[in-house]
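Here's the structure we're looking at; comments come further down.
Keep in mind the model is a prediction, meaning the values are calculated, not measured.
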2 protein chains.
Amino acid sequence: MNPPAEALRKLGYPATRGRGEVLRILAESSLPLSPKEIRDRFPAPKPDASTVYRNLSLLVSLGMVRSVALHERSRRYEIATEGTHRHRVVCRGCGRIDSFQPRLCDLSRIEADIRVTLGYDVREHSLEFFGACPDCARTETRR
Amino acid sequence: MNPPAEALRKLGYPATRGRGEVLRILAESSLPLSPKEIRDRFPAPKPDASTVYRNLSLLVSLGMVRSVALHERSRRYEIATEGTHRHRVVCRGCGRIDSFQPRLCDLSRIEADIRVTLGYDVREHSLEFFGACPDCARTETRR
DNA sequence: CCCCTGCTTGCAAAATATTTGCATTTGCAA
DNA sequence: TTGCAAATGCAAATATTTTGCAAGCAGGGG
């Protein structure tokens with residue numbers, strides 16, 4: 001059977017339809033999705049919003065899904081495939097979101113610095129860029 | 001008179017009490033604050049929440065305040081003093097937030113990369129770190 | 001210094017986002 | 001197939017943010 005279901009059972013959590021669909025939907029999306037968007041992509045019958053929230057929260061705590069904060073009203077979620085580390089570029093004009101795998105994402109020096117000066121054990125970071133996408137940059141009045 | 005009031009008037013916006021207090025409160029805080037926390041720090045009479053939201057939204061659009069996304073339920077805001085660029089470290093255990101001025105924040109290569117490959121005009125970025133603060137790291141069971 | 005005009009505020013209410021309790025259903029291991 | 005624990009749907013509670021409208025304040029002109 002499918003890997004995610006196995007992984008869930010191994011961790012002691014039943015592999016339910018809700019869980020499976022959330023993982024599939026996120027895996028198929030190139031963009032992080034909001035809980036609402038995730039629910040919208042469920043094949044009928046759509047689950048209740050609370051089910052989506054409960055599953056997202058479980059999957060995040062199991063490390064199978066990550067939440068992404070893009071300064072919007074609601075949070076977004078993405079699949080946390082092993083070894084994937086993605087960053088986002090958000091267009092302030094039209095809201096378009098692109099994600100990319102950084103070629104060089106060397107924040108280890110900053111992390112080491114934090115460890116030394118503040119004493120934190122840093123385990124994750126999130127890095128997002130904001131600006132104007134090609135279309136919006138063209139449309140804009142020159143500054 | 002005080003600089004922020006001047007700046008507001010110059011931009012054509014009356015320097016009201018709400019605006020002044022929001023700026024003062026954010027300037028005096030070493031941490032980004034939520035709208036609720038900002039309202040709580042107003043001297044009596046406290047303004048309505050909607051006033052706080054409206055002022056934050058104006059000040060953000062004028063570039064005098066920045067919003068900070070820390071994967072929480074509500075957004076946080078910080079003063080956007082010229083030349084200040086801060087990053088955050090958030091403790092997953094107790095929620096403690098520290099901010100620091102990065103010694104080396106050279107993301108210009110990544111930004112150049114984005115410009116070339118995706119065509120975006122990148123204007124801002126936000127970078128946050130997550131982990132365990134000294135206290136929580138000590139308390140935690142060894143992994 | 002006072003008056004006008006427009007922008008801002010308070011208040012109430014709506015819209016949106018997220019969480020929770022409880023009865024019922026489902027997953028899955030024996 | 002059966003039973004138990006955990007998940008789901010549903011309804012309602014919370015939390016967050018936005019909006020409409022009438023009344024009040026800021027600040028320029030007289």
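Not counting sequence neighbours, B:Glu128 has no partner by the salt bridge (charged side-chain N to carboxylate O under 4.0 Å, His left out) test. Partners of B:Arg66 under the salt bridge (charged side-chain N to carboxylate O under 4.0 Å, His left out) rule, at least two apart in sequence or in another chain, are B:Glu78. Annotation: salt bridge (charged side-chain N to carboxylate O under 4.0 Å, His left out) contacts of B:Arg96 (sequence neighbours excluded): B:Asp98. With sequence neighbours excluded, the residues forming a salt bridge (charged side-chain N to carboxylate O under 4.0 Å, His left out) with B:Arg92 are A:Glu124, listed by chain and number.
B:Met64 shares a hydrophobic cluster with B:Leu8, B:Leu11, B:Tyr13, B:Val22, B:Leu23, B:Ile25, B:Leu26, B:Leu33, B:Ile38, B:Phe42, B:Val52, B:Leu56, B:Leu58, B:Leu59, B:Val60, B:Leu62, B:Val65, B:Tyr77, B:Ile79; the chain of contacts runs through ILVMFWY side chains whose heavy atoms sit under 4.5 Å apart. Alongside B:Val116, the hydrophobic cluster contains no other residue (criterion: ILVMFWY side chains under 4.5 Å).
Atom pair A:Leu8:CG and D:dA6:P shows a separation of 15 Å (rounding to whole Å applied). B:Arg19 places its CZ atom 12 Å from the P atom of C:dG10, with the value rounded to the nearest Å. In this structure, NZ of A:Lys46 is placed 13 Å from P of D:dG9, rounded to the nearest angstrom. In this structure, A:Arg39 places its CZ atom 13 Å from C1' of D:dT8, rounding to the nearest Å. Atom pair B:Phe42:CZ and C:dT8:C1' shows a separation of 13 Å (rounding to whole Å applied).
In this structure, B:Leu107 is not a member of the same hydrophobic cluster as A:Val68, with clusters built from ILVMFWY side-chain heavy atoms closer than 4.5 Å.
Residue pairs meeting the salt bridge (Lys or Arg N to Asp or Glu O under 4.0 Å) criterion with at least one partner in residues 40-51 of chain A, sequence neighbours excluded, are absent. Sequence neighbours left out, not one pair with a member in residues 53-65 of chain B passes salt bridge (Lys or Arg N to Asp or Glu O under 4.0 Å).
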Counting primed atoms plus P, OP1 and OP2 as sugar-phosphate and everything else as base, spell out the protein contacts along nucleotides 24-30 of chain C at 4.0 Å heavy-atom distance: B, S or - for each nucleotide, 5' to 3'. ---SS--
If the sugar-phosphate is the primed atoms plus P, OP1 and OP2 and the base is the rest, what is the B/S/- string for nucleotides 11-18 of chain D, using protein heavy atoms under 4.0 Å? ----SSBB
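Residues A:Gly12 and A:Pro14 approach most closely at O-CD, 3.9 Å, considering heavy atoms. Nearest heavy atom pair, residue A:Ser30 against residue A:Ser99, reads O-OG, 3.2 Å. Counting all heavy atoms, side chain and backbone alike, A:Phe130 lies closest to B:His125 at CD1-CA, 4.4 Å.
A:Phe100 and A:Phe129 have tilted rings, their planes meeting at an angle from 30° to 60° on a 0 to 90° scale.
One finds no side-chain N or O of A:Arg54 lying less than 4.0 angstrom from the OP1 or OP2 phosphate oxygen of D:dT8.
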Produce the list of close N/O pairs, under 3.5 Å, pairing protein atoms with atoms of nucleotides 4-6 of chain C; give distances to one decimal.
none

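End-to-end axis angle for the helix from C:dC1-D:dG30 to C:dA30-D:dT1, using five pairs per end and rounding to 10°, comes out at 30°.
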